[in-house]
Amino acid sequence: MENTSKLAPIDKAKTGMAKWFSLVILLMAQMGTMGDNSGLSVSTASLINELGASVSDIAFANAMYPLIAGACMIAGGMLGLIWGWKRLFQVGALLLCLAEIIAAYTDNIQIFIFVARSLSGFGASFLIPAVLGLIVGIYTDTKDRAIAFGAVAAAVGVANTAAPLVFGFLIDKFDYRVAFEALAIYFGMIFILGFALEKIEKPTVKIKFDFIGTILVSIGLLSVIVGLLKISEWGLITPLSPSFHILGISPTLPLVLFGIAILIVFIKWEHQFELKNGACLMPQSFIKTPQLRDGLYMCGMVFFVLGAYILIGITYCQLVAGYSATDTAVLLMVFSMGMLITSLATPTKFAHVSCRKLCMVGIGFCVLASLSGALGTEIDSINKAFFASALFTGLGCGIIASQASLIVTAAVNQRDATQSGGVQATSRNIGQTIGIAVLGSVLMFSLTNMVKSDAANSDLISTQTKQQVEQISSIPFLSDKDFTQLVENNITEKKDYPVLVDINREARKSSAQLSWLVLAAMCFMSIFTLTKNIPNYSLINKS
């Protein structure tokens with residue numbers, strides 16, 4: 001079976017621009033998906049004003065893309081084998097183009113959420129695995145493949161900064177609809193450019209699509225992702241809302257455990273499906289190959305750190321330090337520059353260094369980034385160490401990202417390597433979800449406990465106020481203005497308001513620093529626990 005399903009290599013005689021033209025198209029596609037995902041964040045005010053969206057509508061719109069994309073990425077990886085990677089690429093680009101058109105012209109927020117954002121998620125679940133699959137199929141030389149994967153990592157870093165800036169400029173200069181129209185045109189161009197991509201032959205043996213496996217993995221991943229993301233809203237064990245619980249406990253753990261149970265059933269189903277049909281959504285090589293598992297851990301690690309950094313760092317800059325969108329973009333440019341440097345330089349300048357050592361160094365930079373973040377956090381501002389944190393984050397993530405996909409694809413045969421794009425993309429989504437969930441929980445629960453404890457021990461506020469503070473189920477991370485509003489809604493003694501605001505400011509700083517330290521500890525432990533099976537030699541030089 002394996003020999004009959006080999007993929008045709010490209011013409012190795014190609015050099016210069018001809019050799020890298022396909023990569024340019026793939027990088028454009030990768031940056032487009034990042035633009036679609038991050039651009040929505042700067043459209044909030046426009047959607048509220050023009051479509052009458054509520055805050056919960058905006059949150060739902062932001063969540064719809066990663067939920068759909070995360071649940072369907074693995075299926076996208078298998079569809080590439082069946083349809084062909086170029087076709088999958090172009091279908092993904094068309095779906096995203098259609099999604100942007102609907103987003104630009106609809107006057108209904110529900111259509112925006114459930115049609116436009118859902119189509120974006122489906123489009124990304126095809127386009128992103130296709131990008132990774134095409135890289136594996138087109139660049140069969142290990143060094144070329146390493147450079148291509150490094151370029152993709154650099155594109156992710158650049159897009160994270162450029163997309164909100166471009167989107168924001170179009171919204172400020174024209175209208176949010178123009179921004180989505182521009183994205184529609186962009187993805188239309190991507191579709192047309194897809195015809196110029198190098199052709200990768202489909203397997204000669206007909207592959208049956210796994211519908212039952214697709215349903216199982218989608219339900220399982222959705223349950224786990226939603227459960228993790230809702231920890232700060234629902235609570236971990238004790239329900240934050242007395243009226244929303246399952247047998248007296250928060251729905252979070254039951255939902256996550258249900259998802260894990262479904263995923264276990266999915267893995268067992270995949271084993272039988274592969275034995276019967278020769279191909280499946282999750283080949284056994286993905287599960288049983290230690291090197292591939294650790295490579296997926298590294299894929300997830302990059303987005304785990306990015307999710308945590310945005311949650312802690314960017315939130316603190318905007319809510320506490322008063323950073324504008326432009327100020328935030330400058331900070332993100334420091335991060336992007338670091339990621340750009342290491343993701344491009346590592347495969348070329350450090351090709352002789354072992355993959356394991358590079359990954360350990362990359363994670364080490366993330367540890368330094370977390371410690372710098374803690375040092376750079378002040379009670380109502382940030383200092384220069386915070387910019388060092390952004391730089392170290394970019395440097396570390398760039399090194400890890402340059403190696404992660406290479407580690408995965410080098411661990412299995414060519415057909416499984418091309419299919420692994422869906423699993424790699426899923427590991428990124430899960431990594432980012434875990435980062436947001438874990439650090440978001442640390443941030444909120446520590447802040448709530450600190451405010452309640454400091455209020456209870458304060459001699460400056462009344463007993464009645466202490467009792468009312470204790471009755472607040474959770475205290476989210478808020479600006480001074482928003483926290484004052486929270487106090488006004490829950491506390492009757494107005495004279496205690498200034499003291500409570502001061503207590504919250506101190507607790508807010510301490511909880512942010514604690515979150516940075518937890519991130520540092522988790523990264524430090526992963527140096528020794530998640531890199532054991534990564535090759536202790538260079539996969540580029542094979543030495």
According to ring pair (Phe, Tyr, Trp, His ring centres under 6.0 Å), who are the partners of [X], at least two apart in sequence or on a separate chain?
| X | value |
| --- | --- |
| Y297 | none |
| F303 | none |
| F258 | none |
| F126 | W83 |

TODO: Can you sort out the partners of K208 under side-chain contact (heavy atoms from CB on, under 4.5 Å), two or more places apart, ordered by chain and number?
DONE: F273, N277

TODO: For S343, enumerate each residue passing the side-chain contact (heavy atoms from CB on, under 4.5 Å) test, keeping only those at least two apart in sequence or located in another chain.
DONE: A153, A154

Table please: side-chain donor-acceptor pairs of residues 216-229 below 3.5 Å, with sequence neighbours left out.
unit_1	atom_1	unit_2	atom_2	d
S218	OG	A71	O	3.3
S218	OG	T214	O	2.7
S223	OG	I219	O	2.8

Among residues two or more places apart or on two chains, list those pairs meeting side-chain hydrogen bond (donor to acceptor under 3.5 Å, both in side chains) that have a residue in [range].
| range | value |
| --- | --- |
| residues 424-433 | S405-Q424, S420-Q424 |
| residues 91-108 | Y105-E181, D107-R177 |
| residues 252-269 | D210-W269, S250-T252 |

Task: Pair listing, ring pair (Phe, Tyr, Trp, His ring centres under 6.0 Å) test, anchored in residues 400-449, at least two apart - done: none

Open item on the list: Using a 6.0 Å cut-off, check whether atom CZ of F524 has over 12 heavy atoms from anything other than its own residue.
Closed with: no

- [ ] Flag yes if more than 12 heavy atoms outside K357 fall under 6.0 Å of its NZ atom; otherwise flag no.
- [x] no

Task: Residue pairs involving residues 211-230 (criterion salt bridge (Lys or Arg N to Asp or Glu O under 4.0 Å); sequence neighbours excluded) - done: K230-E233

